[in-house]
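What follows is a set of notes on a single structure, which appears directly below.
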Number of protein chains: 2
Amino acid sequence: MPLDDRSTYVLKAIVFSYIKTAFPVGSQSITRSFDMGVSPATIRNIMADLEAQGFLMQPHPSAGRIPTEKGYRFYVDHLFQHAGLLNDRDEMLGQAEHLVQRETIQALLQDTSKLLSGVSQYLAVVTAPKFSSTRIKQVEFVRLRKSSVMAVCISQDGFIQNKFFEVPEDLSQKDLNKIADTLNGLYSGLTLQEIRQKLLKQMQKMKDLYDHLLHEVLELTRRTFIDGSPGGVDAELYMDGASHMLDLPDFADFRVMKGLLSAFEEKEVIVQLLDKYIGTEGVQVYIGSENPFLGDHHCSLVVSHYKRGDQILGTVGILGPTRMEYSKIIPLVDSTAKKVSRLLEESSMEEKSSLGEN
Amino acid sequence: MPLDDRSTYVLKAIVFSYIKTAFPVGSQSITRSFDMGVSPATIRNIMADLEAQGFLMQPHPSAGRIPTEKGYRFYVDHLFQHAGLLNDRDEMLGQAEHLVQRETIQALLQDTSKLLSGVSQYLAVVTAPKFSSTRIKQVEFVRLRKSSVMAVCISQDGFIQNKFFEVPEDLSQKDLNKIADTLNGLYSGLTLQEIRQKLLKQMQKMKDLYDHLLHEVLELTRRTFIDGSPGGVDAELYMDGASHMLDLPDFADFRVMKGLLSAFEEKEVIVQLLDKYIGTEGVQVYIGSENPFLGDHHCSLVVSHYKRGDQILGTVGILGPTRMEYSKIIPLVDSTAKKVSRLLEESSMEEKSSLGEN
DNA sequence: ACTGGCACTCTGATTATGAGAGTGCTAAGA
DNA sequence: TCTTAGCACTCTCATAATCAGAGTGCCAGT
């Protein structure tokens, strides 16, 4: 059964109030704060109903109500209906505009993470583009020592990755430069996918015909782009603001706090968490046990993606307690993701015009 | 007045016991644990003396004693005299041997930090070599866009840094390669200091004589090595194990914990702290308010340095509560620093033999 | 110089108490 | 039928009270 208008309002008022104060909300405090023209007793009846339907719960028999995860979910889903309950979100909306162009995408993402955590006072998480999904702009090889080579791969988004490998035969830096030159001519502008395909075809064709340089090019291409992921970890993660979490009453329990902090040190867990939801458009909100990790740590996650053109590159998000200020955070994450996308777009415009002039 | 033998023993026993249990130590518990052939009353007298001399204090009038910072200092300074009090350190000593050769010094240092924090259960801090003090092995330039260039600098220790800058005139990747080639011929194997000197001399000489390539070489050299520090931050920091600190009763106070965590997020504070004591040989221990930062956060710091030849490259250390297990941590930090130095030494041997064969 | 004994002090845990907040229920009113 | 006022009930949280335990300092005796 869908909720009638008044119940909806009461539920949202309770969630709103609990998010603000972290105290269980009683019937009286609602009539005081949201003058609805009804008495506390009426509110009590409504609250009893809402509890029966699983939107609210009581931490102990004679306390006020607090939202359940289902309650938060409803609140978030109907967030932008009663404008009166979220008049304070504008203050954050403009913050994303402070982001500016940087030399590399890594630097930009680091700024983004710092900004998000500073503004939100929660934990910010930002992932770098999966290297495998970006377009390669250029590769350079650097000879480290005998038969040990480093490849520096630069994507069109200004994403830089190093990869190390051994080569069977010793190559001088001159050789490497020549190889890089040829390689760039062949593969620049393609994605890993495309490179892989092209490479396979070319290797087929060249199998018998022996050309030393081309052989090396193909071999190093394979080493650089196909064998494993460049640099070991494919997805880098930027995280800031963990210390803010200590201020929240939600994590007053030491064990919870401890678990959370340990999890933050294992960045891979977080990367997995974020990767899981890549691919969907716009801002998304995951509340508590809608995801096992979040549930275990009494957390919620608000994420969006930044992209170039229509290709999703990475994730921008905020992780906070279930009792998070969704009404502020959702617009913040949204505007930030868009701003990052716009900056990337602009830098790639600049790129193109520069290529034109060249 | 110097302490007599028995007082010394009692003091060390108290520190030892307090480090183990975190409870104030009473006279009786000493006679029980360290059968010294005297009664608690005697111990009490000795303790009263030690307190008068500032080695001990009572958290409240009728509790046992806990060490003051002066007490810890004495304990650490005389740590290796009564072997009986530190029979348990061997278990950690071997751990540093698990470190192995990695492709870059960065990767090795990251391993080191993880190992230290894992073994010690405190916070590990490791700084990368100051780029300015290492020998340059090779530089490559990569054209990012019109008049925007990235320099990849590789030091002889396998330390890699990127630096970005604008150049007034557009240079193709071919130009850049040629420039890099010449530059490497001129400056490879020198430190920043040496490069700076050589560069100044050369610029003087070439002032009138106009050679385009050489001009570019000198200009890019200046940009790469002289203007500011490469990559912005000169000293990178690796830090692991912050969550372990939550387990310690020493940080049960929320404000202390919070302050500490915030400090950890501002890595620069920590870098400064570590840099301050660079230059001294061997393991060093800084206890509490011997340094303002440590004092503020009830912490101590055990550091040593790793080097190549006789040049100090960076710092390896452990930060923990003043009530830290010095007897285990000091040997651990010592052996780790030595192991890292050895690994670097070996890799530079390999280097040389490879150069010889080339 | 050391020790046993004793009075004294302070903490920390446990228990008791009471105000406050909130509920559910019932019965009366619109 | 929906709403409301009133009331008894329950539970928490803060404060106070009590008490065992641990430790000290000091004194007198060995």
Side-chain angles (χ1 to χ4, degrees), chain A residues 1 3-11 13-18 20-68 71 249-250 252-253, chain B residues 1 3-11 13-18 20-68 71 249-250 252-253:
Chain A
M1 73 223 99
L3 294 177
D4 64 61
D5 229 40
R6 199 173 57 181
S7 302
T8 304
Y9 191 83
V10 169
L11 174 52
I14 291 172
V15 178
F16 178 78
S17 166
Y18 184 66
K20 252 210 165 116
T21 65
F23 287 111
V25 185
S27 54
Q28 215 175 130
S29 88
I30 294 209
T31 56
R32 265 201 300 272
S33 312
F34 302 90
D35 182 25
M36 298 176 56
V38 292
S39 78
T42 310
I43 303 290
R44 278 207 285 283
N45 290 329
I46 299 174
M47 285 163 87
D49 284 356
L50 287 171
E51 180 167 0
Q53 291 170 77
F55 291 109
L56 298 176
M57 59 176 285
Q58 290 178 287
H60 59 86
S62 86
R65 258 68 171 209
I66 64 178
T68 60
D250 312 70
D253 184 342
Chain B
M1 75 218 98
L3 294 177
D4 63 60
D5 228 40
R6 199 171 59 181
S7 304
T8 304
Y9 191 82
V10 170
L11 174 52
I14 290 173
V15 179
F16 178 78
S17 167
Y18 184 66
K20 251 211 165 116
T21 65
F23 287 111
V25 184
S27 53
Q28 214 175 133
S29 87
I30 293 208
T31 57
R32 265 201 299 272
S33 312
F34 301 90
D35 182 26
M36 299 176 56
V38 291
S39 79
T42 310
I43 302 288
R44 279 206 286 283
N45 290 328
I46 299 173
M47 284 164 90
D49 284 355
L50 287 170
E51 180 167 0
Q53 291 170 75
F55 291 109
L56 297 177
M57 60 175 285
Q58 289 179 286
H60 60 85
S62 84
R65 258 70 170 209
I66 64 177
T68 60
D250 310 72
D253 183 345

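Please read all numbers here as calculations on a predicted model, not as lab measurements. Naming: A, B, ... by sequence-line order, numbering from 1 per chain.
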For [N], take OP1 and OP2 only and decide whether either is under 4.0 Å from a side-chain N or O of [X].
| X | N | answer |
| --- | --- | --- |
| B:Arg6 | C:dA1 | no |
| A:Arg65 | C:dG22 | no |
| B:Thr42 | C:dT3 | yes |

Spacing between [X] atom [atom1] and [N] atom [atom2], to the nearest angstrom:
| X | N | atom1 | atom2 | result |
| --- | --- | --- | --- | --- |
| B:Ile46 | D:dG25 | CD1 | P | 13 Å |
| A:Met36 | D:dT4 | CE | C1' | 15 Å |
| B:Asp49 | D:dC26 | CG | P | 12 Å |
| B:Ile14 | D:dG23 | CD1 | C1' | 13 Å |
| A:Leu50 | C:dG22 | CG | P | 17 Å |
| B:Gln58 | D:dG23 | CD | C1' | 8 Å |
| B:Leu56 | D:dG23 | CG | P | 15 Å |
| A:Ile43 | D:dA5 | CD1 | P | 13 Å |

Heavy-atom donor-acceptor pair, A:Thr21 side chain to A:Ser17 backbone, under 3.5 Å:
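Side chain of A:Thr21 to backbone of A:Ser17: a pair is present.
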
Does any N or O in the side chain of A:Thr68 come within less than 3.5 Å of the main-chain N or O of A:Gly54, such that one atom is a donor and the other an acceptor?
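Checked: pair present.
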
Protein-nucleotides 25-30 of chain C N/O pairs closer than 3.5 Å?
none

Listed partners of [X] passing side chain to side chain contact (heavy atoms under 4.5 Å, CB included), at least two apart:
| X | result |
| --- | --- |
| B:Pro59 | B:Pro24, B:Ala63, B:Ile66 |
| A:Ala22 | A:Pro249, A:Arg323 |
| A:Ser33 | none |
| A:Ser62 | A:His60 |

Please enumerate all protein N or O atoms sitting under 3.5 Å from an N or O of nucleotides 7-11 of chain C, with distances to 0.1 Å.
{"from": "C:dT9", "atom 1": "O2", "to": "B:Ser62", "atom 2": "OG", "distance (Å)": "2.9"}
{"from": "C:dC10", "atom 1": "O4'", "to": "B:Ser62", "atom 2": "OG", "distance (Å)": "3.4"}
{"from": "C:dC10", "atom 1": "O2", "to": "B:Ser62", "atom 2": "OG", "distance (Å)": "3.4"}

Classify A:Gln28 by what it touches in the nucleic acid, base, sugar-phosphate, or nothing, heavy-atom distance under 4.0 Å.
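Here A:Gln28 touches no strand at all.
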
Closest approach to the side chain of A:Ser27, judged atom by atom: which nucleotide of C:dG24, D:dT24, C:dT23 is it?
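It is C:dT23.
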
Using side chain to side chain donor-acceptor pair (under 3.5 Å) as the criterion, list what pairs up with [X], not counting sequence neighbours.
| X | value |
| --- | --- |
| B:Gln58 | none |
| B:Ser7 | B:Asp4 |
| B:Ser27 | B:Arg44 |

